[in-house]
Amino acid sequence: MPELPEVETIRRGLARILPGKKIRWVKILAAKQFPQPAAAVNGRTIVAVKRKGKQLAIVFDNKQVLLIHLKLTGQLVYVPRLQSGQRAVFGHPIPFAGGDSLPGRSTRIIISLADASGHDAGTLFFNDVRMFGWLRLLSEKDWRQAMAELGADALSRQFNAAYLYKVLQSSRRAVKVVIMDQQKISGIGNIYANEALFRARIDPRRPANSLSRKESEKLCQAIKAVLQESLKMQGTSAADDAYIQPDGRPGRFQQKLAVYQRAGQKCLSCSGTVKRIELGGRGTFFCPQCQK
DNA sequence: ATTGGGACCTGCTCGC
DNA sequence: TGCGAGCAGGTCCCAA
């Protein structure tokens, strides 16, 4: 599922492609996911692609913003210009896109692009098997307000040990649930919450306000480290995971996962076994021997 | 106020 | 072999 490293990888990919391009037309196949008239963005030129937490923002020349949340299975795949009638075919299958060509079974929105002179400049496909993701066209003001409602981005300078300690002190919910609360810290989802807590050797069930300053610092460093390492490997395309980059390639950080989806397997740092429990209704993986 | 649980969705896996 | 139940999970919404 796209979390901070995956969404940032997508942002970087799109930032190389989209700025300077213009929207020719938009085809909305799932109105629920983009409940505005497609014509609202026609003719707009893209000036930037931004991100906070797990949300992407395509900024237009008129300051309006197309805010995108991929939720669990959303994909943004860019296909360069094709001959008319030709379908995009990749050298490797695109998970959940309905095969190795686009549009696929799970394509929900198609955005046709043009270069500055109005010629076809490729197509952006929004695929989403489970249809939880969404796109919204917002004014700059509404976008800023939506971003202000998110907690500090986990890779920003604003998110540091002191910030995390303060957040943790404010709740006695399980520490894992709290670090996944997007209103407190944005960008951390189930994979990296599990991985960061393992690296920091902290039991995910502990009440957030039971962590010392020292433990908060350790956890903060673990969060930053795991997010940065994953980003270097273009994110995690785990089993059952729809995440791919805009060019269709998967990420590689799944090779580095220490606990996520490793229930029953040997802990990588002790003789124990990775255990799976449920916390806040979500699968939680940890090593009961290492994590206290 | 905080917290827990269901709803939203689809495709895949599993058991009968 | 075929079918239905169960499961996965980010976020929102409601209820206790």
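Numbered from 1 within each chain, the chains take letters A, B, ... in sequence-line order. Worth knowing before you read on, the calculation uses all heavy atoms, side chains too, and leaves out hydrogens, waters and symmetry mates.
Comparing A/K32 and A/R172, the nucleotide of DNA chain B nearest to each residue sits closer to the 5' end for A/R172. Each of A/R276 and A/Q183 was matched to the nucleotide of DNA chain C holding its nearest heavy atom; the match closer to the 5' end belongs to A/R276.
Residue A/Y260 is in sugar-phosphate contact alone, with no base atom involved, counting any heavy-atom pair closer than 4.0 Å across all strands shown. Across all strands shown, A/R282 has heavy atoms under 4.0 Å from base atoms, whether or not it also approaches the sugar-phosphate. Heavy atoms of A/G280 sit nowhere under 4.0 angstrom from any nucleic acid atom.
Using bins of under 30°, 30° to 60° and over 60° for the plane-to-plane angle, the ring pair A/Y260/A/F285 lands in the perpendicular bin.
Taking 4.0 angstrom as the limit, A/S171 places a side-chain polar atom (N or O) nearer than this to OP1 or OP2 of B/dT3. The phosphate of C/dT11 has OP1 or OP2 within less than 4.0 Å of a side-chain N or O from A/H69.
A/K54 places its NZ atom 9 Å from the C1' atom of C/dT11, with the value rounded to the nearest Å. Summarising the geometry, the separation between CD on A/Q182 and P on C/dC13 is reported as 16 Å, rounded to the nearest angstrom. C/dG9 atom C1' lies 17 Å from atom CD1 of A/I188, rounded to whole Å. Straight-line distance from the NZ atom of A/K52 to the P atom of C/dG10: 19 Å, rounded to whole Å. Between the P atom of C/dC12 and the CE atom of A/M131 lies a distance of 19 Å, rounded to the nearest Å. Distance, A/K184 NZ to C/dT11 P: 14 Å, rounded to whole Å. In this structure, A/D128 atom CG and B/dT10 atom P are separated by 10 Å, rounded to whole Å. Separating the CG atom of A/N127 from the P atom of B/dG11 is a distance of 12 Å, rounded to the nearest angstrom.
Between the side chains of A/T236 and A/Y243, not a single donor N or O lies within less than 3.5 Å of an accepting N or O. Between A/D181 and A/Q183, the side chains place no donor N or O within less than 3.5 Å of an acceptor N or O (distance only, hydrogens not considered). Side-chain contact of A/K176 with A/N190: a donor-acceptor pair under 3.5 Å is present, judged by distance alone.
Looking at residues two or more places apart in sequence or on another chain, you find no ring-ring contact (aromatic ring centres under 6.0 Å, His included) involving A/Y78.
Stacking between A/F132 and C/dG9 is absent: the ring centroid is not both under 5.5 Å from the six-membered base ring centre and under 30° in plane angle.
Closest approach to the A/R130 side chain among B/dT3, C/dA8, C/dT11 is made by C/dA8 (side chain taken as heavy atoms from C-beta onward).
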